[in-house]
Q: 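Here it is, the structure in full.
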Amino acid sequence: MSEKQRLAVLISGKGSNMLTLAAACASGELPAEVLFVASDRGDAAGLNAASGMHIPTLLLPYPDKLAAEELLASEIDRQRVDWVILAGFMRVLSPCFVRRFDGRIINIHPSLLPSFPGAHAIRDAWEYGVKVTGVTVHRVDEQIDHGPILAQEAIPILAQEGIETLEERIHAAEHRLYPATLKCLFDKKT
Ligand code: GRF
């Protein structure tokens, strides 16, 4: 049996994607383990949730980005992390950090990139009035919400649909697409 992939998951908030991935690791659906969950925010609910799953957590200093990235990079190296998984991490990683872990940083974004990058993608798509939006999983490059696309799932916006139900459907799609895409990536099928 091949070795498990070693993951660090970065969050800033609720951490529902992180929890989905941790559960997929625990069930064996994803041949991986979450070595630690890092957050730039001490009040991120996902930190408690990670602790509840007995996953070590790391609070990154804020707003000193250089110090935060140095701490993160040293933990990644020390724990021999294979993949840095962004799951609602709201800070932009420096080009230096991205180059250091080139190709090994993955992000999930709640729109069909390159449409609607940024922090309010679901609302931006809904307000624009597009008929189809979705979810993208991509490798991270030096630009924001940008880099080679690994997978996308399209989600039609229903007539008269409110933003709350759209958000729920997008998050449900994220929770399907992220573990499935990482599994393909780890199996070298994408
Ligand atoms: C998700 O919509 C993700 O696509 C975006 O931030 C949100 C994080 O949600 N990057 P959660 O913290 O995983 O619940």
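Remember, it's 1-based here, ligands and their atoms both numbered in the order they're listed.
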Q: Below 30° counts as parallel, above 60° as perpendicular, anything between as tilted: where do the rings of Phe116 and Tyr128 land?
A: perpendicular
Q: If only side-chain N and O atoms count, and only distance matters, is there a donor-acceptor pair under 3.5 Å linking His171 with Glu174?
A: yes
Q: Starting from atom 12 (O) of ligand 1, which protein heavy atom do you reach first, and at what distance in Å?
A: Gly15 N, 2.7 Å
Q: Does an N or O from Ile108, backbone or side chain, lie closer than 3.5 Å to an N or O of ligand 1?
A: yes
Q: Could you check whether any heavy atom of Gly46 sits closer than 4.0 Å to an atom of ligand 1, since that is the contact criterion I want to use?
A: no
Q: Do the side chains of Arg169 and Glu161 get close enough for a salt bridge, i.e. N-O under 4.0 angstrom?
A: yes
Q: Taking a hydrophobic cluster as the set of Ile, Leu, Val, Met, Phe, Trp and Tyr residues connected by side-chain heavy atoms closer than 4.5 Å, whether directly or through intermediates, do Leu30 and Ile55 fall within one such cluster?
A: yes
Q: Starting from atom 9 (O) of ligand 1, what is the nearest protein heavy atom, named by residue and atom, and what distance separates them?
A: Asn17 ND2, 3.9 Å
Q: Tell me which one of Gly13, Pro110, Ala45 gets a heavy atom nearest to atom 5 (C) of ligand 1.
A: Pro110
Q: Evaluating non-hydrogen atoms only, which member of Glu174, Glu167, His175 is closest to atom 1 (C) of ligand 1?
A: Glu174
Q: Considering non-hydrogen atoms only, spot the tightest contact between Leu47 and Gly42 and give its length.
A: CD1-O, 3.9 Å
Q: Check for me whether Met90 has a heavy atom closer than 4.0 Å to any atom of ligand 1.
A: no
Q: So which residues get pulled into Phe36's cluster when ILVMFWY side chains under 4.5 Å apart are joined, directly or through others?
A: Leu10, Leu35, Leu58, Leu60, Leu71, Leu72, Ile76, Val81, Val84, Leu86, Phe89, Leu93, Phe97, Val98, Phe101, Ile105, Val140
Q: My understanding is that we take every heavy atom of each candidate and find the minimum distance to atom 8 (C) of ligand 1. Doing that for Ser16, Ala49, Gly88, which one comes out nearest?
A: Gly88
Q: Might you point out which heavy atoms bring Ala121 and His109 nearest each other, and give the distance in Å?
A: CB-NE2, 3.3 Å
Q: If you count the atoms of ligand 1 from 1 in the order shown, which ones are under 4.0 Å from a heavy atom of Lys14?
A: 12 (O), 14 (O)
